[in-house]
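Each remark here refers to the structure printed beneath this line.
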Amino acid sequence: MTRQDSPWYRQLHWQIIAGLVLGLLYGVLAATNRWGGFTSDWITPFGTIFLNLLRLSAIPLVLTSLVTGVASLSDIKKLSRIGGKTIAIYLATTAVSITIGLLVVNLMRPGDRIPQQMAQTLQETYQGDTQQRQSAARQASEARGPLQPLVDIVPENFFGSATSNRNMLQVVFVALILGIGLIQVRTKHTEHIYGLFEGFNQIIIKLVGLIMYMAPIGVFSLIASTIVSVAQDDVQQVLDLLGALGFYCLAVILGLILHVLLVYTSLIRFLSPLKLKKFLAGITPVQLVAFSTSSSGATLPVTMERCQDELGVSEEVSSFVLPLGATVNMDGTALYQAVAAVFIAQTLGMGLDLTAQLTIVLTALLASIGSAAVPGAGIIMLVIILEAIGVPSQGIGLILGVDRILDMLRTATNVTGDCTVAVLVASSENQLAEAGEG
Ligand code: ASP
């Protein structure tokens, strides 16, 4: 892995930025010249391989790092202290992000700027897609009592959970109890098991480092193919859509920027010894991979590697805080859900009173926790928020066309939040190593 002191062109984040910019240029060129076929045959596969390599590493990494992380804590009191702190900061930052989202959307009122005719056309265009998302949301919330989210965390069969990256929270749970079991039973036999998990963990971290050499090409390919698939050989259509939904996109983007600038950077500046510049340079590759994959789950291996190697977060803290964060801490998603819900209500001419806005805060908090760390998960949970405040969920048809772009940005925000909290928890536990200071 390239380090900060090598020449800039050898530093990973600059290489990834180059991949991103070139991918953007190529994507626009391909969309305008109708190179869709060539792109999907010869460019997309490299992005898919990169994405699959990251996804492939995610579950083994969560399992081995969390088991060794918990088992090395050697006492349950410490585990509950770090756990309590982590969850409290996650919930607090998410609540702040929703509030920022609500303030921005209520002040900008992007829904008032959409001509009625355009709103109707959009809803008709995306009717089929809307129904798909609605039925996915219905399935997710079907026959659900108030404690169902808790029940969902506990799997009946671990191998079933490990078959899909969507079940990361179940894997986190299994790893936690395995780690606790290892703390409780310390014999020469269990020492072997601990050693096995630790060894496996070291191997995966090394492999992720190697996979990251492919990141610039992977990011180039992912961005290029996203642009081509969104534009579908008709750039004008994308431009029209962006014109109509420009203010809505602007509200989401402004909210995300404010959250990152006001909340994360102040937390790092005032509550950790880490230099802001060092923090930002360290996490740039994480943000770029999140931006191009739209998945916090797929980005997790990179998040862990950078937090440990570049920010100096101890293995003990990062292996607990980050897998948990990738699945439950989604500030960007929560902010986006709040803006989108109010935007749809505004477009449909429905006023939302204070109770409805407070309902948004609560449901967006829960919905962001429940959103899987995969592309497009946030908009499925948005259906549940809309139903909670009595806004017709067909309204998501209005925003589906630009969802992918916003997904990229909210995922980058989500992972920034995870890294911030990892640094804070590590520094409060005196577990921020030299590597991060300076
Ligand atoms: N793609 C987001 C993530 O993985 C979730 C979402 O908002 O759709 O963090």
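Because only heavy atoms are used, hydrogens play no part in the values below, and waters and symmetry mates are left out as well, while side chains stay in. First listed ligand is number 1; within each ligand, the first listed atom is number 1.
Across all their heavy atoms, Ser164 and Ile59 have their closest contact at O-CD1, 3.7 Å.
Within 6.0 Å of CZ in Phe158 there are more than 12 heavy atoms belonging to other residues, nucleotides or ligands. In this structure, Leu365 places its CG atom where more than 12 heavy-atom neighbours from other residues, nucleotides or ligands lie under 6.0 Å away.
Where the criterion is an N or O separation shorter than 3.5 Å, residue side chain and backbone included, Ala377 meets it with respect to ligand 1. Checked against a 3.5 angstrom limit, the closest N/O atoms of Gly378 and ligand 1 fall inside it.
Annotation for ligand 1: atoms under 4.0 Å from non-hydrogen atoms of Thr333 are 5 (C), 6 (C), 7 (O). Every atom of ligand 1 with a heavy atom of Ser294 under 4.0 Å away is listed here by number and element: 1 (N), 4 (O). Near Ser295, with a cut-off below 4.0 Å to any heavy atom, the atoms of ligand 1 are 4 (O). The Ala373 neighbourhood of ligand 1 comprises atoms 4 (O), with distances under 4.0 Å to a heavy atom of that residue.
Among protein heavy atoms, atom 3 (C) of ligand 1 sits closest to Ser296 OG, 3.2 Å. Summary of contacts: the protein heavy atom closest to atom 2 (C) of ligand 1 is Thr411 OG1, 3.3 Å.
Between Asp407 and Arg404, none of the side-chain N atoms (NZ, or NE/NH1/NH2) sits under 4.0 Å from a carboxylate O, so this pair counts as no salt bridge. The pair Lys85-Glu429 meets the salt-bridge criterion, with a side-chain N (NZ, NE, NH1 or NH2) lying under 4.0 Å from an Asp/Glu carboxylate O.
Between Tyr26 and Phe38, the ring planes lie tilted relative to each other; the angle falls in the 30° to 60° range.
Closest to atom 5 (C) of ligand 1 by heavy atom, among Leu335, Val415, Val374, is Val374.
Going from atom CG of Leu24 over to atom CD1 of Ile223 covers 6.0 Å, rounded to the nearest 0.5 Å.
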